[in-house]
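Taking it in order: structure first as structure tokens, then the write-up.
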Amino acid sequence: MNIFRLAGDLSHLAAIIVLLLKIWKTRSCAGISGKSQILFALVFTTRYLDLFTNFISPYNTVMKMIYLGCAYATVYLIYMKFKATYDGNHDTFRAEFLVVPVGGLAFLVNHEFSPLEILWTFSIYLESVAILPQLFMISKTGEAETITTHYLFALGMYRALYLINWIWRYYFENFFDLIAIVAGCVQTILYCDFFYLYITKVLQGKKLSLPA
Amino acid sequence: ILKRLLKDEL
């Protein structure tokens, strides 16, 4: 474990908690893409299948359970409890256009052709594009609540910090995983225009609104 | 270069 990976995990945890609290406290999921949240729940489910068979550390197990629990709790709040506030008219990104190609790619490009490894690879690829429905929804509505922008910033930073963690592990632990690195680069690049808007607008106290 | 040996990352 290095500081970059720990910072990344904490940023990821913060994002997940901020989103859950935002929906719970405001009792509304306006502006939140339910499709992205379903994709994230799928990412954690397919990545943490070895949760009970492959013990790494108490930290690893606890964090995985928190991620899984919060992901499903968020999906539940969006599609069940606060369904009335779900903005389905703007959450129209075709998620199947992500899941199917990612599923095919996981079959073709992986480290080992075994069920667990293919599912892990699927989760890595899917995570890199899972935020697209959310970004698409913001581009359609033309704006985002400030709390939602903080959620997205923390979520985007988590994988950016992981990229630094992989550089660190390459030099100090001779550790290298091309699949995770390439997918992590794609994932972080997708946030770049949001990062620009976040830093130039939200941090200046303005509301995030896209030129319609 | 060691490929990913075990999934020790989240």
Side-chain angles (χ1 to χ4, degrees), chain A residues 1-2 4-6 8-13 16 43-44 46-51 53-57 59-68 71 110-112 116-117 119-121 123-124 127 158-159 161-163 165-166 168-181 183-184, chain B:
Chain A
M1 174 62 82
N2 60 68
F4 300 108
R5 192 165 122 211
L6 181 62
D9 289 341
L10 295 179
S11 182
H12 194 188
L13 181 66
I16 290 172
V43 164
F44 294 138
T46 52
R47 187 174 304 179
Y48 300 154
L49 292 169
D50 61 352
L51 175 60
T53 57
N54 184 8
F55 180 77
I56 307 280
S57 71
Y59 168 81
N60 191 275
T61 303
V62 167
M63 289 292 272
K64 285 177 176 178
M65 293 172 89
I66 294 173
Y67 286 1
L68 276 166
N110 51 60
H111 288 316
E112 179 193 352
L116 217 51
E117 187 66 22
L119 283 169
W120 175 85
T121 308
S123 87
I124 291 289
E127 187 188 10
Y158 130 73
R159 215 59 177 171
L161 289 162
Y162 255 70
L163 292 177
N165 151 65
W166 286 322
W168 174 286
R169 296 190 76 178
Y170 177 78
Y171 284 115
F172 295 104
E173 299 172 30
N174 209 14
F175 175 99
F176 182 70
D177 183 332
L178 192 60
I179 285 178
I181 291 170
Chain B
I1 301 287
L2 301 178
K3 85 169 181 57
R4 172 183 279 274
L5 287 183
L6 81 162
K7 310 282 182 251
D8 64 343
E9 292 180 340
L10 289 177

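Sequence lines set the chain letters: A, B, ... in the order given, protein chains first and strands last, and positions in each chain run from 1. Everything quoted here is computed from the prediction, not taken from an experiment. The figures that follow rest on heavy atoms only: side chains count, while hydrogens, waters and symmetry mates do not.
- Exactly one residue among A:Phe44, A:Tyr158, A:Tyr162 makes a side chain to side chain contact (heavy atoms under 4.5 Å, CB included) with B:Leu10. That residue is A:Tyr162.
- Between the NZ atom in B:Lys7 and the CD1 atom in A:Ile124 there is a gap of 8.0 Å [rounded to 0.5 Å].
- Considering only heavy atoms from C-beta on, B:Glu9 stays 4.5 Å or farther from A:Asp177 through its side chain.
- More than 12 heavy atoms of other residues, nucleotides or ligands lie within 6.0 Å of CE in A:Met1, so this atom counts as buried by the packing criterion.
- Put simply, CZ on A:Arg169 and CG on B:Asp8 are 4.0 Å apart, with the number rounded to the nearest 0.5 Å.
- Within 6.0 Å of atom CZ in A:Phe55, more than 12 heavy atoms from other residues, nucleotides or ligands are found, so the atom counts as buried in its surroundings.
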